[in-house]
A.B. asks: 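Just dropping this structure here.
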There are 2 protein chains.
Amino acid sequence: MPTPHYGQPRYRAIADALRERIASGAIPPGALLPTESALTTEFRASRGTIRQAIAVLRGEGLVATEHGRGTYTNPRWQESRPDEDSQTKIRERRIAADPGLATLFDVEVGADLIEQEIVVTEDGTVGEVVRTYRLRVQQ
Amino acid sequence: MPTPHYGQPRYRAIADALRERIASGAIPPGALLPTESALTTEFRASRGTIRQAIAVLRGEGLVATEHGRGTYTNPRWQESRPDEDSQTKIRERRIAADPGLATLFDVEVGADLIEQEIVVTEDGTVGEVVRTYRLRVQQ
DNA sequence: AGAAATTTGTCCGTATGTATC
DNA sequence: AGATACATACGGACAAATTTC
């Protein structure tokens, strides 16, 4: 089936659809987009066209793609909208780097790290715990 | 956007530019050329034109392209060092709740949790590690 | 530890429509 | 009209990173 492109190209329309899906929250921040293969069947487009659409979003900084893993929506780009009945409790403390964190930060095991913990409570139950680790205070 | 072709054809000029880059050592022997996709954006030429330019170099024996891999300069076995220019790396895995998380989520120790880890790298060094814990997969 | 499946990365060849010399 | 280049799209194939079994 040949493909004329009167008006808007296919890949742009697909990019728009996916962008809308991200903006609406249908695809949450940090979540995986459907695989290229899945998108080909959904939009009935070739893989090349799908990849072209994703490239648009990547260029906009909306998503990031990793070889062998998939394409994620960028958690930094999306601002967290304040939910209704959600409460957050934040606490910060100094901890010693365990082997896992030590290798990540390339420091010695036991080195000083800053841990910020955010506990998000929704409707009385803990929904999410976010722990952020940094080397220094600041930033 | 459209490009007239005064005098020398476009693909000739691109082939010259790439040949110069190889001769100058900007692209070392055995290294991969930029992908066709990258060259299209760099030279603002269509893929067909890029491929035409590469075909010229291939005809001159300057490069060799391998299906699914890319186009190499002067086939010679060398190691390619990828640039470290990553920004955020995301991985998701299932973990068992340790006592701390278990009390937060009010579940038994060892219960299934989803851990999402985001490693933010800036200038080659890890700046921030964010670990998000949830009970279920997304939302 | 290793094989298989999944998923993205890249290239190939082709085709058709659009636009400018 | 013809030549050149550009833009879009398809389907197929192999390569490489990751995950899963």
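Order of the sequence lines sets the chain letters (A, B, ...), proteins ahead of strands, with each chain counted from 1.
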A.B. asks: Specify the separation, in whole Å, of atom OH of A:Y72 and atom P of D:dT19.
C.D. replies: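 The distance from OH of A:Y72 to P of D:dT19 comes to 7 Å, rounded to the nearest Å.
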A.B. asks: Tell me: CG of A:L33 to C1' of C:dT8, nearest whole Å?
C.D. replies: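 Rounded to whole Å, this separation is 13 Å.
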A.B. asks: In whole Å, I'd like the distance from the CZ atom of B:R51 to the P atom of D:dA5.
C.D. replies: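 Taking atom P of D:dA5 as the reference, CZ of B:R51 is at 16 Å.
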A.B. asks: What's the verdict on side chain to side chain donor-acceptor pair (under 3.5 Å) for A:T40 and A:S37, showing C-alpha distance, side-chain angles and the deciding distance?
C.D. replies: CA-CA 5 Å; A:T40 56; A:S37 172; 4.5 Å; no
A.B. asks: Would A:R21 and A:E42 pass as an ion pair if we require N to O under 4.0 Å?
C.D. replies: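 Looking at A:E42 together with A:R21, the answer is yes, because their closest N to O distance falls below 4.0 Å.
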A.B. asks: Expressed in angstrom and rounded to an integer, what is the separation of B:Q52 atom CD from C:dC11 atom C1'?
C.D. replies: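 It works out to 17 Å between those atoms.
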A.B. asks: Record whether the side chain of A:R47 comes under 3.5 Å of the base of D:dG12 through a donor-acceptor pair of N or O atoms.
C.D. replies: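 Donor-acceptor pair under 3.5 Å: no.
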A.B. asks: From CG of A:L32 over to P of D:dA17, roughly how many Å is that when rounded to an integer?
C.D. replies: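 Going from A:L32 (CG) to D:dA17 (P), I get 19 Å.
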A.B. asks: For residues B:L57 and B:A15, report the shortest heavy-atom separation together with the two atoms involved.
C.D. replies: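 Where B:L57 meets B:A15 most closely, the heavy atoms are CD2-O, 3.7 Å.
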A.B. asks: What nucleic acid atoms does B:G70 come within less than 4.0 Å of, heavy atoms only: base, sugar-phosphate, or nothing?
C.D. replies: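 Sugar-phosphate contact only.
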A.B. asks: With a cut-off of less than 4.0 Å, is there a side-chain N or O of A:Y11 near OP1 or OP2 of D:dT8?
C.D. replies: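 Yes, within the criterion.
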A.B. asks: What are the two closest heavy atoms between B:L113 and B:A97, and how far apart are they?
C.D. replies: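 Heavy atoms only, the tightest pair is CD1-CB, 3.7 Å.
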A.B. asks: Would you say a side-chain N or O of B:T49 is under 4.0 Å from OP1 or OP2 of D:dC6?
C.D. replies: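 Answer yes for this pair, as a side-chain N or O of B:T49 is under 4.0 Å from OP1 or OP2.
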